[in-house]
Amino acid sequence: MDTVREPPVRKPYVRDDLAVRAWQLVREPFTAGTWRRVAYALLAVPVALAAVPVALLGGRAAAGRWQRGLVRRLLGTRLPGSSPGVRHALLALPLNLAVAAVTLYGWMVVPMNIGWPLRGGDPATSWGGPTFAGAWAFHAVLGGIGFLLLMPWVGRALAALQLRLATALLARP
């Protein structure tokens with residue numbers, strides 16, 4: 001009997017999406033994009049506060065250039081146009097202040113909770129207590145590592161809001 005052997009059927013390359021997403025979640029706090037968004041969140045307020053008096057003293061074009069340059073360098077978006085930027089500096093200030101506060105608090109929580117024993121809390125009354133190890137583990141895992149993994153995504157959402165407002169107010173001729 002003459003039998004013909006069929007070549008083995010190869011499965012197509014299947015990427016483990018769960019592993020890829022988990023790796024992205026873990027490495028996101030250590031990417032340059034995350035820290036550029038943090039820098040924008042913290043620098044948008046002082047640049048806006050400096051832009052208003054400069055614009056009122058006759059440097060309207062410079063005030064707009066400063067803000068567009070900050071968006072281009074830190075958020076990676078080139079905004080066309082040459083609008084003066086005073087309107088953006090004033091209207092975006094409340095959002096920029098809120099974003100700066102959330103960013104500062106969220107990133108400050110990470111080392112504060114990982115180094116919980118250095119704060120001198122009483123483990124008997126702390127979350128995760130009554131043992132020292134339980135209180136430290138609770139603070140380090142939920143407050144430290146949890147916020148470390150959460151803050152890049154919060155920053156990404158807040159930067160998208162800031163970019164949307166900057167595009168609406170600065171990208172005009």
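As the structure is a prediction and not an experimental result, all values here were calculated from the model.
The structure places CG of L43 at 11.5 Å from CZ of R73, a figure rounded to the nearest 0.5 Å. R72 CZ to L170 CG: the interatomic distance, rounded to the nearest 0.5 Å, is 12.0 Å. Put simply, CG on L163 and OG1 on T77 are 4.5 Å apart, with the number rounded to the nearest 0.5 Å.
Y40 and V45 fall into different hydrophobic clusters, where Ile, Leu, Val, Met, Phe, Trp and Tyr residues are linked whenever their side-chain heavy atoms come under 4.5 Å apart, directly or through other members. Criterion: ILVMFWY side-chain heavy atoms under 4.5 Å apart, direct or through other members. Under it, M112 and V154 are part of a common hydrophobic cluster. Both F147 and W35 are part of a single hydrophobic cluster, where members link through side-chain heavy atoms under 4.5 Å apart. Residues L90 and L165 are members of separate hydrophobic clusters, defined by side-chain heavy-atom contacts under 4.5 angstrom among Ile, Leu, Val, Met, Phe, Trp and Tyr. In the hydrophobic cluster analysis, where Ile, Leu, Val, Met, Phe, Trp and Tyr join through side-chain heavy atoms closer than 4.5 angstrom, L150 is grouped together with Y105.
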Report the C-alpha separation of R37 and L74 in whole Å, then their side-chain angles, then the decisive distance to 0.1 Å, and conclude whether the side chain to side chain contact (heavy atoms under 4.5 Å, CB included) test is met. CA-CA 6 Å; R37 286 187 291 273; L74 297 177; over 6 Å; no

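A donor-acceptor pair is defined here as one N or O able to donate and one able to accept, closer than 3.5 Å; no such pair exists between the side chain of W107 and the backbone of V102. Put simply, the side chain of W136 never gets that close to the backbone of N113: no donor and acceptor are under 3.5 Å apart. Here the side chain of T34 pairs a donor or acceptor atom with the backbone of E28 at under 3.5 angstrom.
Here the closest heavy-atom approach between residue L49 and residue P53 is recorded as O-CD, 3.0 Å. Looking at every heavy atom in both residues, V109 comes nearest to G143 through CG1-O, 3.5 Å. Across A55 and A63, no two heavy atoms sit closer than the pair CB-CB, 4.0 Å. Here the closest heavy-atom approach between residue V71 and residue A166 is recorded as CG2-CB, 4.0 Å. G144 and I114 make their closest contact through CA-CG1, 3.7 Å (heavy atoms, listed as atom of the first residue, atom of the second, distance). Between A41 and V99, the closest heavy-atom pair is CB-CG1, 3.6 Å.
Note: H139 and W116 have parallel aromatic rings, judged against thresholds of 30 and 60 degrees for the angle between ring planes.
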